[in-house]
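In what follows, chains are A, B, ... by sequence order, proteins preceding strands, each numbered from 1.
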2 protein chains.
Amino acid sequence: MAEKSRPIAPKPLADFKVGVDNVIFSVDTEQNRLLVLLVMRQHEPYRDRWCLPGTLVRQGESLEESAYRILSEKIRAKNLYLEQLFTFGDIGRDPREDPDSYAVRYLSVSYFALVPFSQAELIADGVSGIAWYPVKQVPELAFDHNRILEYGHRRLRNKLEYSPVAFDVLPEAFTLSDLYQLYTTVLGENFSDYSNFRTRLLKLGFLSDTGIKTSRGAGRPASLYRFDAEAFAPFKNKPMVFI
Amino acid sequence: MAEKSRPIAPKPLADFKVGVDNVIFSVDTEQNRLLVLLVMRQHEPYRDRWCLPGTLVRQGESLEESAYRILSEKIRAKNLYLEQLFTFGDIGRDPREDPDSYAVRYLSVSYFALVPFSQAELIADGVSGIAWYPVKQVPELAFDHNRILEYGHRRLRNKLEYSPVAFDVLPEAFTLSDLYQLYTTVLGENFSDYSNFRTRLLKLGFLSDTGIKTSRGAGRPASLYRFDAEAFAPFKNKPMVFI
DNA sequence: ACAAAAGTGTTGCGGATACACCCATGC
DNA sequence: GCATGGGTGTATCCGCAACACTTTTGT
């Protein structure tokens, strides 16, 4: 035991600051674009680069509280969906870490959020840049944020396929076309035929027809539907498949 | 802007120590039991309580390296599967945090691991207790580790359904019954008929028959199969379904 | 009247379920 | 020979993709 259990003195523990970075998605159903919220960095490092909205965790604040805080500083949204994504802790992911001196480390706990585009109002504070960026046109971001975004994008696609997040991001009453558009813009053109998508969802029985019709330009008016959380209950934790 | 942008001075940043806790699963195919690795705590807090094997992250060590370090301190395993699970950062989750004084916080990044029971050798250092516990009989653990375990268990069930983790936990060559037993003990009795399970997997074409037969007691000897990673390649990232 | 969008119906194929049945071995 | 576990075959059912078709509106 003497030789093996204490070969060399172990290195001392690392000290961390913990950041929370949010990948906030929204879908512009008008233009069929998937958007992500970016902010312009005001300070070094990576000054004047776009990045995901983030913050460092303060005393007495949980991770999730921290995530909600940034969110509410950037955006006024009624409904939203939020969940933890991944924790990035590689050494050297933040240039403020001096690789030689074993100074404080920076950890990033990323969160994934989905907000309704129509009900989300960006908070411009007049100083910092903030904007919805089409995911397809995102530039090179600060830190490892491109990687985080990529990770969030993957999660979004999965979530949409097997869970009812779509209804967190749609207005209370929506047409089946709205729903279909949402799926199409996130999952790509050819994920399903419209009429089959329609039949499948209606058969599941958790979309209730409000009876109200809405007309958008030419064409036959569409029924407005509502997501019935009660009727959905039996599907909870079941492997849903919308695709 | 004067009144609104600086309502009160924000609280100072929290300082963190970061822990890594591993939920290490294994399956005893002989006895059809799902096992989790627990260790006995040697120090306060929660002295003499079982907990998940964990450690605090050291200087110059990434999260994943940290996870592998504990793993290799507790267990000698040939193959294994490891992935990040979730990060727990609620205030007060570690009693070493004084809730009144804003002292250092303890964050736990949990990892999920799966090791082959037959090839995994526990490292008893003569001092600390370490044992495989049937998941159904796990006692009350230190910290919030029951919650972490619960979370890991859910992930395991999902993983098994839509990804080939099973082959990381089985020996190189295995019978189709072995595979079936594994699924049954993790997913529950009635997830599928044996013969259908068999046909489905063989049709997928990434299990290659070695031609070798093995006899275990009475009954017709079974063929040993091997997981063919190359033949599996096309299924990567596709929504696999084994269930 | 005609285009545009919503909504319905029909058909054929493939995969999953539920079995019944054959095969090789130990005792 | 018979129990035990391994392995194969088959009939049926259900879901779903593809696509044709009908309905209701705006212009």
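A cation-pi arrangement, defined by a distance under 6.0 Å to the six-membered ring centre and an angle within 45 degrees of its axis, is present between B:Arg154 and B:Tyr151.
Of the candidate nucleotides D:dG7, C:dA6, D:dT8, D:dT8 has the atom nearest to the side chain of B:Leu202. When distances are taken from the side chain of B:Ser195 to each of D:dG7, D:dC19, C:dC19, the shortest belongs to C:dC19.
Between B:Arg216 and B:Asp178 a salt bridge is recorded (basic side-chain N to carboxylate O distance below 4.0 Å). Comment: A:Arg69 does not engage A:Glu65 in a salt bridge, judged by the lack of any side-chain N to carboxylate O separation of less than 4.0 angstrom.
Protein atom NZ of B:Lys213 is 12 Å distant from nucleotide atom P of D:dG6, rounded to whole Å. Note: CG (A:Asp193) to P (C:dA6) measures 13 Å, nearest angstrom. What separates OH of B:Tyr194 from P of C:dA16 is a distance of 17 Å, to the nearest Å. Atom pair B:Asp209:CG and D:dG7:C1' shows a separation of 11 Å (rounding to whole Å applied). Remark: C1' of D:dG7 and CZ of B:Arg198 are 5 Å apart, rounded to the nearest angstrom. Between the CZ atom of B:Phe197 and the P atom of D:dG6 there is a distance of 13 Å, rounded to whole Å. In this structure, the CG atom of A:Leu204 is 11 Å from the P atom of D:dG15, given to the nearest Å. Atom CG of A:Leu201 and atom C1' of C:dG7 are 14 Å apart (whole Å).
A heavy atom closer than 4.0 Å to some atom of DNA chain C occurs in A:Ser177, these being the qualifying members of residues 171-182 of chain A.
Between A:Ile24 and A:Leu71 the shortest side-chain heavy-atom distance falls below 4.5 Å. Taking the side chain as every heavy atom from C-beta outward, A:Thr214 and A:Pro221 never approach each other to under 4.5 Å.
For the pair A:Asn196 and A:Ala222, both in contact range of DNA chain C, the more 5′-proximal nearest nucleotide belongs to A:Ala222.
Between A:Phe25 and A:His153, the ring planes lie tilted relative to each other; the angle falls in the 30° to 60° range.
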Under 3.5 Å, N/O pairs linking protein and nucleotides 1-4 of chain D:
residue, atom, partner, partner atom, Å
D:dT4, O2, B:Gly219, N, 3.2

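Ring to ring, B:Phe197 and B:Tyr183 are close: their centroids are under 6.0 angstrom apart. In this structure, B:Tyr81 has its ring center at least 6.0 angstrom away from the ring center of B:Phe167.
Pairing each heavy atom of A:Asp21 with each of A:Ser108, the nearest pair is OD2-OG, 2.7 Å.
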